[in-house]
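The basis for the numbers below is simple: all heavy atoms, side chains too, and nothing from hydrogens, waters or symmetry mates.
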Amino acid sequence: MRKALVFAALGIVGLAAWPATAAPRSARCVIASAESATWRGPCMFLAERGGSFSISPPRGDFGDGIDIISVSLIRPGVAEVRGLTSDGINSRWGEARRSTRDRACWIGEDFSICVY
């Protein structure tokens with residue numbers, strides 16, 4: 001139920017509102033931040049329009065109460081990254097660029113997000 005509320009806060013009403021081709025899928029995530037311990041483990045990956053995506057852990061959070069991380073493309077190879085907590089706090093992590101070494105990774109000033 002908590003995840004449904006968090007997705008609703010992002011403007012996503014529910015799975016029924018997503019196109020049939022955009023079902024969340026299992027993935028492996030590695031999230032590193034200068035402020036928190038690196039998080040490694042399974043995650044749910046939701047592809048969105050234009051190459052943007054959101055990730056969430058299958059249960060619990062990524063640490064620091066972050067339930068969902070959104071990577072929203074603003075132009076090719078550049079994205080705006082935000083974290084959303086179960087309390088509805090939407091924090092701007094900043095701009096990230098797609099890694100040229102590992103295309104599964106997005107690198108920000110003090111964080112990185114990789115989805116495999």
Value rounded to 0.5 Å, distance of CG in L84 from CG in D61
11.5 Å
Minimal heavy-atom distance between D67 and S86, with the atoms involved, is OD2-CB, 2.8 Å
Transitively linked via ILVMFWY side-chain contacts under 4.5 Å: W106 with F45?
yes
Sort and list the pairs that fulfil ring-ring contact (aromatic ring centres under 6.0 Å, His included) and have at least one residue in residues 55-84, not counting sequence neighbours.
W39-F62
Close side-chain approach of R28 to P42, heavy-atom, < 4.5 Å
no
Residues which pass side-chain hydrogen bond (donor to acceptor under 3.5 Å, both in side chains) with W93, listed by chain and number, not counting sequence neighbours
S91
In residues 71-82, what donor-acceptor pairs under 3.5 Å come from side-chain atoms, sequence neighbours left out?
unit_1: E80; atom_1: OE1; unit_2: R92; atom_2: NH2; d: 3.3
unit_1: E80; atom_1: OE2; unit_2: R92; atom_2: NE; d: 2.5

Pairs satisfying disulfide bond (SG atoms under 2.5 Å apart), at least one member in residues 41-71, at least two apart
C29-C43
With a cut-off of 3.5 Å and sequence neighbours excluded, list every side-chain donor-acceptor pair involving residues 31-38.
unit_1: S33; atom_1: OG; unit_2: E35; atom_2: N; d: 3.1
unit_1: S36; atom_1: OG; unit_2: D64; atom_2: OD2; d: 2.3

Check the hydrophobic clustering (I, L, V, M, F, W, Y; side-chain heavy atoms under 4.5 Å; chains of links allowed) and say if F111 and I55 are grouped together.
yes
Indicate every side-chain donor-acceptor pair of residues 94-101 with a distance under 3.5 Å to a residue at least two apart or in another chain.
unit_1: R98; atom_1: NE; unit_2: R103; atom_2: O; d: 2.7
unit_1: R98; atom_1: NH2; unit_2: R103; atom_2: O; d: 2.9
unit_1: S99; atom_1: OG; unit_2: R101; atom_2: N; d: 3.1
unit_1: S99; atom_1: OG; unit_2: D102; atom_2: N; d: 3.0

Sort and list the pairs that fulfil disulfide bond (SG atoms under 2.5 Å apart) and have at least one residue in residues 70-116, not counting sequence neighbours.
C105-C114
Any disulfide bond (SG atoms under 2.5 Å apart) involving residues 48-90? Give me the pairs, sequence neighbours left out, ordered by first then second residue.
none
Under the ring pair (Phe, Tyr, Trp, His ring centres under 6.0 Å) test, residues paired with Y116 that sit two or more places apart:
none
